[in-house]
Amino acid sequence: MVVLSQPAALEHCSLIKTCKPTCVFTGIPVIDLRDPEAKTLIVKACEEYGFFKLINHGVPMEFMTRLEAEALSFFNLPQSDKDKATPFGYGSNKIGPNGDVGWIEYLLVNTNPQLTSLKTLSENFCSYAVNDYILAVKRLAFEVVEIMADGLEIEPRNVLSRLLRDEKSDSCFRLNHYPPCPQLQALSGRNLIGFGEHTDPQIISILRSNNTSGLQICLRDRTWVSVPPDQTSFFISVGDTLQVMSNGRLRSVLHRVLTDSMKSRVSMIYFGGPPMSEKIVALPCLMAKGEESLYKEFTWWEYKTCAYKSRLGANRLGLFEKTANASL
């Protein structure tokens with residue numbers, strides 16, 4: 001758990017929103033990466049949900065459990081020790097600079113191996129636990145977007161993966177820890193929101209968590225549903241950038257995380273982003289003859305800057321929609 005005195009913990013809880021538990025959704029697409037039809041199934045899942053569960057992914061379970069154990073060891077340190085990592089990506093309670101809060105603590109680092117933040121994370125954890133996992137998940141991301149490109153009939157098939165492979169790719173890695181808070185749950189019968197509703201701004205997100213529930217996605221009819229946890233699989237999310245590049249064909253998924261009253265949740269997410277200077281625009285090969293782009297052209301730096309200046313749940317893409325499509 002987060003090492004806080006109980007009065008301080010409850011005082012902080014009062015700042016965080018709560019919500020009622022929702023139903024477990026059994027309709028999440030489950031895709032075997034080695035299925036010959038994976039390219040078609042991935043595109044269909046991204047069109048309908050912007051989200052799917054990936055099995056037979058090839059990432060060794062040992063890499064996942066080893067990094068999870070390292071993460072828990074770090075998050076169970078005294079708060080004063082964890083605070084020393086603040087300059088290198090540690091944070092708690094606050095999500096961004098704009099007033100959003102959650103029942104969460106985290107480590108957030110850029111995955112560029114030359115940057116200090118990743119080196120420091122490797123120094124605080126077993127270096128091979130961090131490096132093995134991130135390298136494996138990066139490779140998985142490259143493979144997923146290339147299979148996706150095959151399904152979309154994009155040529156060449158590395159149009160998306162080259163952005164993630166670029167040495168200047170602005171990709172990042174996040175370890176989230178959601179401690180249990182049984183006091184408030186018992187008082188209100190509701191769950192604390194660990195991480196409020198949002199879409200991911202990057203191209204693609206690859207999430208793995210322990211077997212504690214909490215992740216929810218919002219369906220097209222605005223219904224919130226709970227995603228059953230599976231510590232052996234990955235959950236793939238479409239990001240805002242991919243929505244723009246597909247001209248809205250693939251939709252970024254609105255999601256959030258609720259805390260469990262008795263068990264902690266640990267999640268590990270790789271966010272695959274393009275280089276800062278990359279121009280983000282709808283791919284011509286995905287547009288029908290005469291079809292107009294729904295979004296203005298912008299660079300990833302421009303969108304990222306806008307995203308991190310806005311509140312977590314804001315419709316950030318709305319600022320980049322063309323006027324004629326502002327109501328879409």
Side-chain angles (χ1 to χ4, degrees), residues 59 63-64 66-68 70-71 74-75 82-92 94-98 100 102 104-145 160-177 195 198-209 234 236-242 252 266-280 298-310 312 316:
V59 177
F63 289 6
M64 306 182 205
R66 191 167 58 197
L67 185 54
E68 181 184 329
E70 290 285 323
F74 172 81
F75 289 125
K82 291 184 288 189
D83 287 340
K84 294 175 184 176
T86 299
F88 309 108
Y90 174 73
S92 62
K94 292 183 180 179
I95 303 172
N98 304 303
D100 292 295
I104 184 177
E105 57 179 344
Y106 59 87
L107 279 164
L108 176 64
V109 297
N110 192 289
T111 59
N112 186 325
Q114 304 306 314
L115 295 182
T116 303
S117 57
L118 185 57
K119 290 180 180 178
T120 303
L121 180 61
S122 296
E123 290 167 1
N124 280 276
F125 290 23
C126 287
S127 61
Y128 59 83
V130 175
N131 295 331
D132 286 353
Y133 182 85
I134 291 180
L135 182 59
V137 174
K138 276 185 173 182
R139 288 172 175 165
L140 178 61
F142 303 158
E143 185 174 8
V144 168
V145 296
L160 299 173
S161 64
R162 69 173 180 82
L163 302 178
L164 307 185
R165 293 178 187 271
D166 194 298
E167 63 179 10
K168 295 182 179 179
S169 166
D170 185 43
S171 298
C172 58
F173 178 66
R174 184 174 182 124
L175 286 165
N176 289 334
H177 179 225
F195 207 115
H198 64 287
T199 57
D200 295 334
Q202 292 87 356
I203 294 172
I204 191 171
S205 306
I206 299 185
L207 176 146
R208 184 264 174 188
S209 76
F234 286 98
I236 314 298
S237 300
V238 172
D240 294 341
T241 298
L242 185 52
S252 57
V266 177
S267 60
M268 305 178 282
I269 313 102
Y270 167 77
F271 300 94
M276 285 289 198
S277 60
E278 184 70 25
K279 292 182 179 179
I280 309 302
F298 53 86
T299 64
W300 167 239
W301 180 87
E302 290 172 327
Y303 188 62
K304 181 178 179 179
T305 300
C306 173
Y308 289 104
K309 284 183 178 179
S310 63
L312 189 61
R316 296 172 294 220

side-chain contact (heavy atoms from CB on, under 4.5 Å) between Leu164 and Leu160, intermediate numbers included: CA-CA 7 Å; Leu164 307 185; Leu160 299 173; over 6 Å; no
Between atom [atom1] of [X] and atom [atom2] of [Y], what is the distance when rounded to the nearest 0.5 Å?
X      : Y      : atom1 : atom2 : value
Arg316 : Ser252 : CZ    : OG    : 8.5 Å
Ile203 : Leu242 : CD1   : CG    : 7.0 Å
Leu135 : Phe63  : CG    : CZ    : 8.0 Å
Ile134 : Ser171 : CD1   : OG    : 10.5 Å
Glu105 : Asp83  : CD    : CG    : 9.5 Å

Side-chain H-bond candidate by donor/acceptor type, Ser237 with Asp200, under 3.5 Å: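 Checked: Ser237/Asp200 side chains show no N/O donor-acceptor pair below 3.5 Å.
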Does [Y] offer a backbone N or O that forms a donor-acceptor pair with the side chain of [X] under 3.5 Å?
X      : Y      : answer
Asn98  : Tyr308 : yes
Ser205 : Phe271 : no
Ser169 : Arg165 : no

Considering all heavy atoms, the nearest [X]-[Y] contact:
X      : Y      : answer
Ile280 : Thr299 : CG1-C, 4.3 Å
Gln202 : Gly272 : CB-O, 3.3 Å
Phe173 : Leu175 : CE2-CG, 3.8 Å
Ile104 : Arg174 : CD1-NH2, 4.1 Å
Leu312 : Asp100 : N-OD2, 2.8 Å
Pro275 : Trp300 : O-CB, 3.5 Å

Electrostatic pair Glu68:Arg208 at N-O distance under 4.0 angstrom: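 Salt bridge between Glu68 and Arg208, a charged N being under 4.0 Å from a carboxylate O: yes.
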Aromatic ring pairing Phe75/His177, orientation class (parallel under 30°, perpendicular over 60°, tilted between):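 It falls in the parallel class, under 30°.
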Met64 and Phe234, any side-chain heavy atoms less than 4.5 Å apart: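 Phe234 reaches Met64 side chain to side chain.
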Heavy-atom side-chain contact between Thr241 and Glu278 under 4.5 Å: no
Audit row: Leu140, Tyr270, side-chain contact (heavy atoms from CB on, under 4.5 Å) steps and yes/no: CA-CA 10 Å; Leu140 178 61; Tyr270 167 77; over 6 Å; no
Aromatic ring proximity, centroids under 6.0 angstrom, Phe195 and Tyr106: no
Verdict with reasoning, Glu70 to Val130, per side-chain contact (heavy atoms from CB on, under 4.5 Å): CA-CA 9 Å; Glu70 290 285 323; Val130 175; over 6 Å; no
With Met268, the side-chain contact (heavy atoms from CB on, under 4.5 Å) member among Leu67, Leu107, Asn176: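 Passing option: Leu67.
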